[in-house]
Engineer: 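I'd like to ask some things about the structure below.
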Amino acid sequence: MKEKLVEEWLIRARERGGIDHAYSQWLVSEGHEVLRVGHSPTEFGKDIISIAPDGCVHVYQIKDEDIALAQLRDIHAQLVDLVEVYPSHPRIIGGLSVSPHLITSGIINEVAAQRIDGMNDSWRARGLPTLDIVGRNELISRFVTMSDAFWPEKPKDIRDFFSFYLAEGKGDFAPKKFSAVLIELLPPTDRPSRRSAQRLAAVGLLGNYLLNAFEREGDHWSLFQGWTMIAAHQAWYAVRVGLPNRDWKGSFHLAVHAASKHLEALFNESTCESGFVPSDLEIDDYTRARNLILASVIAAHALLHEDELPPSLHERLTARLEMLLDEDRLFIWGEGAFPNLLCVQWYLARRGRGNYSTRILKAMLVGLCSRNHKHSDDQPLAHPLISPDDVLSELFQPDQKPTRDQAPVTWTLEPTLHILARRNDFRLMERLWRRISHLEMVSFSPEPAVDMLLWESPRGREFSIHPQDTQSKSELAEAALAGNSTFDIPLMIENPSFALMYLLAYPHRASASLTGFLDAHFCAASFVATAKCVDGPV
Amino acid sequence: MKCIFQNEIERSAWDYFPVLKEIPMRSFIEGDSAGFQREDGKVVDLKFQTISAVQDWQCKDARGFDPETFFELANTIGAELGRQMMDGFLNEVREAVAATGNVVDSDGTGLTFEKLLESFTKMQTDFDDAGKPSEKVLVVSPEIHAKLQQDIKHWLLDPKKIAAWKLAEAKHRQSFHEREARRRMVD
């Protein structure tokens, strides 16, 4: 069954964001250090570069097609580059032994194999390395062997595993269930071992199968969430088991890379001319909710790759986001929209649009004051875990299940107040403080803290508190500045990029400390320059 | 079917004591403990308590329940759960009232106007933006409820009682404004 599943996946998987990542995870499980995974005009035939435990450098060209003579001719130049051009990477000094490999999820036919043999003779005669070829059957064997011991075994786990494999793949990604599957695949052990490290890499490989349906349908948002969660769960497991960095960081970074690639794919879709045009008949609020997600994807990708994007593109992106705000094209469906709003405002702040950035925060504050107030006639902004789909379904198609009013608490007031206070922008807070002080702020502290990397933490404390009746501005500013310094998850501190992706994928973890840390990272300097613009209209 | 049965249990639980429906609900999604900070700064731990209701039924060969029996079973379970929720709620209120010293003892005289006024005076009262006082709910037995309806009609005809009530409300309003005036930002 495992062989059939892997084979089916290999037949469907794509060269980019599929086979390359899976193969990289296999390399990690074999003890390789993967230096680069990617496809660019300057790769010179090398989709993956790794260093084996013996110090030998390996370079790989990845394909997702059957290779006969015709295909071999098509990729001839890439193979010549792969074998003949010495890999360029800061970690690789000259004169090392380099082994080139052609990896394909297809079948390499006999004639093509003979031709490669001939090419190898020629390279050998010139003192060059020879090309190793790996086709589908060998890949199946490697992938199955690598993860064989770590597949789910209990009937329930197998059912959950397959429910993802067989999902529709169009927006039906269920994060809570996904986390449960990952936790089953990563049972904590008493002490770290080589097997724990292999298990971690195996989860990176199994993640490909779990997310297969979303890959097939090109649901990049779900894939982004899924890979971010895989990375987070790998980090959680590594910390809980006490794995040394060398045994898990490689696999973790590959999962982060996969998530980042899907964020980029969605960015590319969103920035094309019809990127925001609904593909089907839909209610405008639904479109506006998706607009906000896409806007946050644009902002997040641009924040993470700020220096790589040309200035003209930054201008175009900024204008796009300003238009969405000016024309009220973004819908705050609930408190779960907060991370998306934060990304947009961080990006706009960095582009010198502090007034737009502050407008977003103030809109959130006004929304909370009007809707999450105990005397509000309106429903409170929904809990961060409630998706836009669920909010809109409830709005337009209330079901018959008896419901009770939700207590009007808020999870995002404290971070909103802290970010405004960090920017020394108290004008709106002053005006609204009477209402603000009536709101009930809730936060959750997982126990241990690393459990924040799980979707739901079984242990931990939920705590609610009202803002002070009489609030000193300087004390609030001090608390806001101290808040991000108490953020003590080393993984996030070392990887602010991952922290940003995590915030988008885990909307219910938008604590004051995490958002404060990210605000300091992305925006500390921006607001020195734009401090005079912060009193724009709400 | 399970879902319908479950929904009916929930509906019955809330219907058992309609005041339950008026209390906004908060779901705890993760973690194993919770607490909150009171206005006086004291941290209070929340107590999670399991409630349960038991109901037996016998399934007959090749025969399901008729709709009336099916819903009656759910209603019975729901009502029992509602009763336990309400008991828990009232116990919490009793303890909180005792802790704050706001107990009003009827001294065996029943719920007189004076006792009702004393209760009203002791309860913190907020006002909405339109100046309307927050609603209060009085939980009493059906017999007292019927008597109270009659008594209120008489009390409303007595100008002294109305004046006393209005005075208490005015004091509440003043306290409320004083409290609200403290809600501000300072340097």
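Throughout, protein chains are lettered first and strands after them, A, B, ... in sequence-line order, and every chain is numbered starting at 1. What you see is a predicted model, and the numbers here were worked out from it, not measured in a lab.
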Engineer: For chain B, which candidate among A/Arg461, A/Gln471, A/Lys473 shows the most heavy-atom pairs at distances under 4.5 Å?
Structural biologist: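 The option with the most such pairs is A/Arg461.
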Engineer: Given a strict heavy-atom distance threshold of 4.5 Å, which part of A/Pro458 is in contact with chain B: side chain, backbone, both, or neither?
Structural biologist: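 Contact with chain B: backbone only.
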Engineer: Keeping the roles fixed (side chain from B/Gln37, backbone from A/Ile465), state whether a donor-acceptor pair exists under 3.5 Å.
Structural biologist: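 Judged by distance alone, no pair lies under 3.5 Å.
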Engineer: Examine whether an atom of A/His438 lies under 4.5 Å from a heavy atom of chain B, and if so say whether it belongs to the side chain, the backbone or both; otherwise answer neither.
Structural biologist: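 Contact with chain B involves both backbone and side-chain atoms of A/His438.
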Engineer: Is it true that, when you exclude B/Lys122 itself, more than 12 heavy atoms of the residues, nucleotides or ligands shown sit nearer than 6.0 Å to its NZ?
Structural biologist: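 Buried by this count: over 12 neighbours within 6.0 Å.
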Engineer: Based on non-hydrogen pairs under 4.5 Å, which of A/Thr470, A/Ile436, A/Val442 is most in contact with chain B?
Structural biologist: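 Winner by heavy-atom pair count: A/Thr470.
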Engineer: Quick one: of A/His466, A/His508, A/Glu440, A/Glu430, who has the most non-hydrogen atom pairs under 4.5 Å with chain B?
Structural biologist: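 Max contact count across the listed options: A/Glu430.
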Engineer: Heavy-atom cut-off 4.5 Å, strictly under: side chain, backbone, both or neither for A/Leu476 against chain B?
Structural biologist: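 Side chain only.
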Engineer: Any pair with a residue in residues 122-154 of chain B that passes ring-ring contact (aromatic ring centres under 6.0 Å, His included), sequence neighbours left out, goes on the list, sorted by first then second residue, please.
Structural biologist: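 As it turns out, the ring-ring contact (aromatic ring centres under 6.0 Å, His included) pairs with a partner in residues 122-154 of chain B, which skip direct neighbours, are B/Phe127-B/Phe176.
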Engineer: Walk me through whether B/Leu46 and B/Phe28 qualify under side-chain contact (heavy atoms from CB on, under 4.5 Å).
Structural biologist: CA-CA 11 Å; B/Leu46 286 184; B/Phe28 290 89; 3.4 Å; yes
Engineer: When you measure from the side chain of B/Asp45 to the backbone of B/Gly35, do you find a donor-acceptor pair of N or O atoms at a distance under 3.5 Å?
Structural biologist: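 No, the answer is negative, given that no donor and acceptor are paired below the 3.5 Å cut-off.
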Engineer: Strictly distance-based, threshold 3.5 Å: is any side-chain N or O of B/Asp151 a donor or acceptor partner for the main-chain N or O of B/Phe113?
Structural biologist: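 Such a contact is absent between B/Asp151 side chain and B/Phe113 backbone.
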Engineer: Side chain, backbone, both or neither: which part of A/Phe463 has a non-hydrogen atom closer than 4.5 Å to chain B?
Structural biologist: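 Both backbone and side chain.
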